[in-house]
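This report concerns only the one structure given below.
No hydrogens, no waters, no symmetry mates; every other heavy atom, side chains included, goes into these values. Computed from a prediction, not measured in an experiment: that's the story for all the values here. All ligand and atom numbering here is 1-based and tracks the order in the structure.
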Amino acid sequence: MGRWWAPGRVNLIGEHTDYNDGYVLPLALPLGTTCTARVRPDGVVRLRSRQAPRDAVDTTTAALDSSGWSGFPVWSRYPLGVIREFQRRGHELPGIDLDLDSTVPIGAGLSSSAALTCSVSIALRDLFAPTVSATDLIDITRTAENVYAGVPTGALDQSAALLCTAGHLLFLDTRTGASEQIPFDLDHFALTLLVVDTGSPHTLVDSEYAARSAECAAAAAALGVPTLRDAPTLPTAARLPDPLLRRRARHVITENARVRQIAEQLRTGADPRTIAPLLTAGHTSLRDDFEVSAPPLDTAVTAALTAGAHGARLTGAGFGGSIIALVDRDRVAEVSAAIREAFSAKAFTPPRTFVVTPAAGAHRVRASTTSPH
Ligand code: ADP
Ligand code: MG
């Protein structure tokens, strides 16, 4: 019996680069998913989520081996996929009760799905498979999302939830898995990172995500490289005859360069205000070249910049969800109010704004041998 916790994330920069073998720079949110787990000896698997109260699941470890997955509610395929992947890798699970509860807004581009799978994965590791490595956990949780939930993500969200540390950005090379913790102390510079959940659902995201992934693969093939990570210069992309593939490639190539440049500047302790124009350039690239923005995201970015934010961009896959803005500490109220006013003027759903500092990655909350129930 015990409790485990994994965070949601925002990505400071490096969007749609992870499935192109590129670079990302996320931080963990202080919002996360708590997984309370109790081992049981009878082969039964019971799943409960406070966010899906009508969709409880009672099944067995043996049933996960069969083809009966269509009967499971969609949300449960994330944790069941994690359990199944532990089984497939040869780890015996006698049975388990999992109770889940999350403070990450669901479907807001802040990665509630990885918070869910990663909290379950570290519970299973600690209870049944202590030798499973962080790399294995990233693979297990990504497979749960890709194969069992059917969402074709890269490894950004799972890596962020599992590897981020408090007070730091995670600079991750998604090709090699090499990572570096970069201190990100905004308070020292009288700055804040403002997150704006626009409340607009990212409904198109699955089909458009698959389309972008295919377009990037086609652009890489046309350039004769394995992935767009291997086409490092803009003049290379300019050789592409198809204007759409040229734009897609240009986003990935310039985005990878922005991630590396920001990591470089912050590593040397530069004032984060100096990276702000790169954040805004990242948004422009996502809007115009990668075409994954949406009116509420553009409205929030423009309103934030007009009200004095140093830089702002959509975060997550786009089509809805959230933006981030780098704002002077003493201007947060003003910038938030300006965004709310801009939303009200366009009759958008009122946004939710909050400031974040980089929180810890996935960890056990407390161990207990007695049941609180
Ligand atoms: P995001 O990860 O940006 O929040 P996704 O569409 O990737 O958005 O994942 C959201 C899905 O993850 C939900 O529709 C649900 O199926 C599942 N999910 C996430 N957190 C929970 C939770 N606490 N309880 C139940 N399902 C959850
Ligand atoms: Mg997700």
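- Scanning the protein heavy atoms around atom 3 (O) of ligand 1, the nearest turns out to be G109 N, 3.1 Å.
- Cluster membership for L228 and L172, using ILVMFWY side-chain heavy atoms within less than 4.5 angstrom, is not shared.
- An N or O contact shorter than 3.5 Å links G107 to ligand 1 by distance.
- Among protein heavy atoms, atom 18 (N) of ligand 1 sits closest to L116 CD2, 3.7 Å.
- Tested against C118 for a side-chain contact (heavy atoms from CB on, under 4.5 Å), the candidates L162, T33, V82 yield a single pass: L162.
- Look at S111 and the Mg ion (ligand 2): no N/O/S atom of the residue is under 2.8 Å from the metal.
- The protein non-hydrogen atom at the shortest distance from atom 26 (N) of ligand 1 is W75 CB, 3.4 Å.
- In the hydrophobic clustering of ILVMFWY residues, with side-chain heavy atoms under 4.5 Å counting as a link, F343 and I324 come out apart.
- With distances taken over non-hydrogen atoms, the option nearest atom 25 (C) of ligand 1 out of G32, P79, S49 is S49.
- Clustering ILVMFWY residues whenever any of their side-chain heavy atoms sit less than 4.5 angstrom apart, transitively, puts L193 in a cluster other than the one holding V327.
- For R125 against V132, the heavy-atom pair with the smallest separation is CD-O, 3.7 Å.
- Residue contacts with ligand 1 for D101 are absent, since no atom lies close enough (heavy atoms, distance under 4.0 Å).
- Here the protein heavy atom with the shortest distance to atom 7 (O) of ligand 1 is S113 OG, 3.2 Å.
- Counting protein heavy atoms only, atom 17 (C) of ligand 1 is closest to Y78 CE1, 3.8 Å.
- At least one donor-acceptor pair under 3.5 Å links the side chain of H363 to the backbone N or O of G361.
- The contact set between ligand 1 and L110, taken as ligand atoms under 4.0 Å from a residue heavy atom, comprises 3 (O).
- Given atom 23 (N) of ligand 1, the protein heavy atom at minimum distance is Q51 OE1, 3.1 Å.
- The main-chain N or O of F290 is found under 3.5 Å from a side-chain atom of R212 such that the two form a donor-acceptor pair.
- For ligand 1, the atoms lying closer than 4.0 Å to a non-hydrogen atom of S102 are 23 (N).
- Nearest to atom 1 (P) of ligand 1 by heavy atom, out of P105, G8, S112, S76, is S112.
- Linking Ile, Leu, Val, Met, Phe, Trp and Tyr residues whenever their side-chain heavy atoms come within less than 4.5 Å leaves L286 and L25 in two separate clusters.
- Using modelled atom types, no side-chain atom of T60 and backbone atom of V44 make a donor-acceptor pair closer than 3.5 Å.
- From the protein, the heavy atom lying nearest to atom 6 (O) of ligand 1 is H202 NE2, 3.6 Å.
- By the rule that hydrophobic residues join a cluster once side-chain heavy atoms approach within less than 4.5 Å of another member, I106 and F72 end up as members of separate clusters.
- Summarising the contacts of atom 13 (C) of ligand 1 with T117, I106, V74, T103, the nearest heavy atom is found in I106.
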